[in-house]
Protein chains: 2
Amino acid sequence: MALGKDYATQECSIARALEVVGERWTLLVIRDALYGVRRYNDFLVHLGIPRAVLANRLQTLTAEGILEKRRYQESPPRDEYVLTDRGIALWPALRALGIWGREQLGGEPMRTFWHADCGTELSPYGACPTCGALVAVRDIDMRPGPGLDPDPADPVSRALLGPRRLLQPIETEQQGPARRRPA
Amino acid sequence: MALGKDYATQECSIARALEVVGERWTLLVIRDALYGVRRYNDFLVHLGIPRAVLANRLQTLTAEGILEKRRYQESPPRDEYVLTDRGIALWPALRALGIWGREQLGGEPMRTFWHADCGTELSPYGACPTCGALVAVRDIDMRPGPGLDPDPADPVSRALLGPRRLLQPIETEQQGPARRRPA
DNA sequence: CAAGTCAGTTCATTGACCGAACCAACCCCG
DNA sequence: CGGGGTTGGTTCGGTCAATGAACTGACTTG
């Protein structure tokens with residue numbers, strides 16, 4: 001949201017959090033990053049966000065220490081954006097929002113979350129009913145739920161069809177340059 | 001945020017939740033409502049939100065079934081805005097955001113939350129360590145924390161100084177009409 | 001009736017978002 | 001080397017929302 005001057009005067013941790021991650025699109029970028037999206041173009045097509053806004057959000061989130069920009073190849077220089085611990089710590093907030101959305105706005109669950117170590121589905125607040133303890137984000141398996149309606153035209157959406165570990169990088173088929181077309 | 005057309009295409013409960021409560025100021029209005037704020041003017045001065053935006057948000061939230069508009073006196077007709085169950089259900093998401101804000105952005109806790117029945121401070125995810133179970137929002141006591149820096153000019157801020165039950169309506173001193181001034 | 005409160009609405013200005021176009025670096029193929 | 005293609009941006013005009021200040025209208029009290 002970036003309430004600018006007004007949020008700054010708020011005597012509240014919630015307001016300060018929203019000052020950083022409350023802007024339009026920001027939490028969805030972080031959600032995608034948790035799902036394993038790391039590259040500019042993957043965010044772009046999966047979110048349907050305007051290019052300028054995405055560039056702005058990635059820069060802001062990097063400056064806030066929520067994402068880290070990392071060179072992952074040199075030949076054509078390419079960077080990826082990876083969540084830091086500070087970004088990963090937003091998982092409980094995102095999950096709480098998602099649960100509210102499903103319970104209150106109706107619909108089948110789109111994705112379900114499981115403790116990878118023991119195969120139990122997570123409780124609403126992220127604990128494992130079998131183990132009793134909170135589950136680290138890296139130990140969470142995400143599986144498609146009955147309400148999921150993927151977009152076949154979107155490589156990221158396709159990559160998220162199978163069960164996946166959270167934060168595990170998505171491999172969209174690199175289409176490489178200059179492929180001659182069939183016709 | 002109200003991503004408008006774009007959020008609608010998102011195959012995700014988080015996006016649908018943000019479509020409803022993600023706009024600027026919206027979550028802060030709901031936070032205040034959880035703290036017991038109910039009246040237009042109290043939201044106005046406590047949040048420092050532009051009047052037009054507040055009116056818009058209250059109307060939207062009422063239409064979404066998150067707030068309920070209620071006539072509480074007739075002589076000058078006055079309405080108050082009270083959280084519905086759907087609105088109260090946002091408490092875990094707001095708490096998760098607040099915890100992230102405090103842990104990641106630094107600072108002392110502004111407010112602490114306790115199980116009213118047994119006097120134990122709540123765990124980060126809203127459970128009572130003593131009783132073991134989740135605590136209903138109405139059974140939560142809010143107490144000022146070390147980081148709280150109240151604004152003496154704001155009646156709501158003053159009313160929130162003492163320990164309070166969540167959702168318990170705030171009584172700002174009704175100043176009534178037409179008071180002659182000291183000078 | 002004057003003065004003041006509460007809950008808005010109206011309005012001009014500013015800023016953010018949007019979509020499309022454009023650009024630069026690079027890579028491969030012929 | 002040139003053409004075509006991809007990635008990751010930036011630039012630009014149009015539009016839409018937020019902001020702050022002023023105004024309205026119902027009401028009440030002195």
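Labels below follow one simple rule: chain letters A, B, ... track the order of the sequence lines, proteins then strands, and each chain is numbered from 1. Hydrogens, waters and symmetry mates are skipped; everything else that's a heavy atom, side chains included, is used.
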A/Arg51 side chain, from C-beta outward: closest of C/dA7, D/dT10, D/dG20: D/dT10
Nearest-Å distance for atom pair CD/C1', residues B/Glu80 and C/dA7: 14 Å
Interatomic distance, B/Glu74 CD vs D/dA26 P [rounded to whole Å]: 16 Å
Distance below 4.0 Å between A/Tyr72 side-chain N/O and D/dT7 OP1 or OP2: no
Point-to-point distance, once rounded to the nearest 0.5 Å, from CD1 of A/Ile88 to CD of B/Gln104: 10.0 Å
Any side-chain donor near an acceptor of the partner, A/Asp139 and A/His115, under 3.5 Å: no
Phosphate contact (C/dA16 OP1 or OP2) by A/Trp25 side-chain N/O below 4.0 Å: no
Euclidean distance, atom CG of residue B/Asp42 to atom P of C/dA7 [Å, nearest integer]: 8 Å
Selection from D/dA18, C/dC26, C/dA7 that lies nearest to any side-chain heavy atom of B/Arg39: C/dA7
Atom-pair distance (OH on A/Tyr40; P on D/dT7), nearest Å: 12 Å
Any A/Arg78 side-chain nitrogen or oxygen under 4.0 Å from OP1 or OP2 of D/dT6: no
Nucleotide nearest A/Tyr81 when distance is taken to its side chain, options D/dG9, D/dT19, C/dG8: D/dG9
Whole-Å gap separating P (C/dC17) and CG (A/Asn56): 7 Å
Separation of C/dA7 P from B/Leu58 CG (nearest whole Å): 10 Å
Inter-residue atom distance A/Arg165.CZ - A/Arg138.CZ, 0.5 Å rounding: 10.5 Å
5' precedence on DNA chain C between A/Pro77 and B/Lys69 (nearest-nucleotide basis): B/Lys69
Proximal nucleotide (of C/dC6, D/dG20, C/dA21) relative to the B/Pro50 side chain: D/dG20
Interatomic distance, B/Gln73 CD vs C/dC6 P [rounded to whole Å]: 10 Å
Side-chain N or O of B/Arg24 closer than 4.0 Å to phosphate OP1/OP2 of C/dG15: no
Spacing between A/Ile49 atom CD1 and C/dA16 atom P, to the nearest angstrom: 15 Å
Distance-only donor-acceptor check, side chains B/Arg39 and B/Tyr72, under 3.5 Å: yes
Pairwise 5' ranking along DNA chain D for B/Pro76 and B/Val53, keeping only the more 5' one: B/Val53
CD on A/Glu121 to OG1 on A/Thr130, rounded to 0.5 Å: 11.0 Å
